[in-house]
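Below is one structure, written out as structure tokens; the observations come after it.
Computed from heavy atoms alone, side chains included, the values below leave out hydrogens, waters and symmetry copies.
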Amino acid sequence: MTEPQFFDTSLGRKIAYHKTDGEGVGVVFLGGFKSDMEGTKAVFLEDWAKSNGRPFLRFDYSGHGLSSGKFEDGCIGDWADDALEIISELTDGKQILVGSSMGGWIALLMAKRIPEWISGLVGIAAAPDFTEDSMWANFTDAQQKKIMVDGQLALDNDYSDEPYIITKKLIEDGRDQLILREPLDLPFPVRLLHGTADADVDMSVPLRILDHVTGDDVRLSLIKGADHRFSEPENLAMIRRAVHSVTMKAGT
């Protein structure tokens, strides 16, 4: 297994990454909340990129995987800053962003902050604004109070034995990063993939994305029976086709 490289951000964070060289428009994978770059989808897309001679980048946000920092110290704004710096410094030309779950939110933030760097976007169970619309909105009064008073709340994690630690910082910063409160122009091909059996991100979320974005080539595919992981072989094949479609639309 290839050892990761490390990038030092302007804020002193050490970001672990794997970069594949190639020709044509590059692909950047943006992972989910408390996930890392060794996930099935990220590695699958890297293999696809290598077999097609295409540039590819996957990385761990600060507090995730092999990158520096503690997860509990981070927030959406921090992880978006990580993505912006690593895309700006480690890629050449326009990129296709593939965002999984929280990574879909990060991708949309990049579309707002650096649209000139983006030639396409693929969202996989994209979860923009989840800290406010999913977490905070569904917390009980007691849970909301605990976060505000104690600064954090532990939640069960279906994907690990370690609980999710939801911090006051995460909630309050998330409100500064909300993307579905005003129109967002996406002047490039966009493909959204979402499973009907997704227990973490409701099917109403991709429909809200469609309502809030403008663009001439934005498409949503709902896949019956697919869950939030979206990692079954047939799901991975759909991701590959979506990314391939966007690269063809990008003209390279």
Side-chain angles (χ1 to χ4, degrees), residues 1-7 9 13-68 79-80 82-107 110-111 114 117-127 159 188-193 195 223 226 228-250 252:
M1 181 180 295
T2 304
E3 291 295 317
Q5 295 178 276
F6 290 88
F7 171 77
T9 74
R13 301 173 190 143
K14 190 174 289 293
I15 303 300
Y17 70 93
H18 285 281
K19 181 181 178 182
T20 300
D21 293 327
E23 300 294 330
V25 65
V27 177
V28 179
F29 185 83
L30 301 168
F33 189 66
K34 210 175 183 181
S35 66
D36 61 48
M37 62 176 169
E38 299 302 329
T40 301
K41 295 183 288 293
V43 174
F44 172 82
L45 282 176
E46 181 180 72
D47 289 343
W48 170 83
K50 287 179 178 178
S51 67
N52 286 273
R54 186 170 296 281
F56 184 81
L57 177 67
R58 57 185 169 103
F59 67 95
D60 289 330
Y61 310 110
S62 53
H64 291 67
L66 298 175
S67 291
S68 67
W79 302 325
D82 294 342
L84 189 150
E85 283 206 44
I86 203 165
I87 291 170
S88 300
E89 296 295 329
L90 296 183
T91 67
D92 297 312
K94 291 193 173 186
Q95 304 295 308
I96 292 168
L97 305 184
V98 181
S100 174
S101 192
M102 182 187 77
W105 188 356
I106 302 295
M110 294 304 99
I114 51 169
W117 282 80
I118 303 172
S119 61
L121 189 153
V122 176
I124 307 164
Y159 304 99
F188 39 71
V190 176
R191 301 292 179 267
L192 302 173
L193 306 175
I223 296 82
H228 188 66
R229 289 181 176 87
F230 215 86
S231 295
E232 295 299 320
E234 61 270 22
N235 303 145
L236 296 175
M238 294 193 72
I239 294 170
R240 183 189 66 237
R241 289 194 293 270
V243 174
H244 178 74
S245 170
V246 172
T247 59
M248 294 300 100
K249 290 279 186 175
T252 53

So, for [X] and [Y], which heavy atoms are closest and what is the spacing to 0.1 Å?
X	Y	result
Pro4	Leu66	CG-CD1, 3.6 Å
Gly195	Phe230	N-CE1, 4.1 Å
Ser67	Ser62	CB-CA, 4.0 Å
Leu45	Phe56	CB-CE1, 3.6 Å
Asp36	Gly65	CB-CA, 3.8 Å
Ala83	Ile106	CB-CG2, 3.7 Å

Roughly how far apart are [X] [atom1] and [Y] [atom2], rounded to 0.5 Å?
X	Y	atom1	atom2	result
Glu89	Thr9	CD	OG1	10.5 Å
Glu46	Ser51	CD	OG	11.0 Å
Phe7	Ile15	CZ	CD1	8.5 Å
Met102	His64	CE	NE2	4.5 Å
Lys41	Ile239	NZ	CD1	6.0 Å
Arg13	Asp60	CZ	CG	14.0 Å

Are side-chain heavy atoms of [X] and [Y] found at a separation under 4.5 Å?
X	Y	result
Leu90	Glu85	no
Thr20	His18	no
Ile87	Leu97	yes
Val28	Phe59	yes

Checking the side chain of Tyr61 only, and the main-chain atoms of Gly31 only, is there a donor and an acceptor separated by less than 3.5 Å?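 Such a contact is found between Tyr61 side chain and Gly31 backbone.
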
Judged by atom type as modelled, is there a donor-acceptor pair below 3.5 Å linking the side chain of Arg58 to the main-chain atoms of Met37?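 Answer holds: yes.
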
Over 60° means perpendicular and under 30° means parallel, so tell me whether Trp48 and His244 are parallel, tilted or perpendicular.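 Plane angle over 60°, so perpendicular.
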
Does Glu234 CD have over 12 foreign heavy atoms under 6.0 Å away?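 Yes, the 6.0 Å shell around CD holds more than 12 heavy atoms from other groups.
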
Residues in salt bridge (charged side-chain N to carboxylate O under 4.0 Å, His left out) with Lys94, at least two apart?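 In terms of salt bridge (charged side-chain N to carboxylate O under 4.0 Å, His left out), with neighbours along the sequence ignored, Lys94 is linked to no residue.
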
Tell me every residue that passes salt bridge (charged side-chain N to carboxylate O under 4.0 Å, His left out) with Arg229, counting only those two or more places apart in sequence or in another chain.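 If we apply the salt bridge (charged side-chain N to carboxylate O under 4.0 Å, His left out) test to Arg229, skipping adjacent residues, there are no hits.
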
From CA spacing to verdict: side-chain contact (heavy atoms from CB on, under 4.5 Å), Val246, Leu121: CA-CA 7 Å; Val246 172; Leu121 189 153; over 6 Å; no

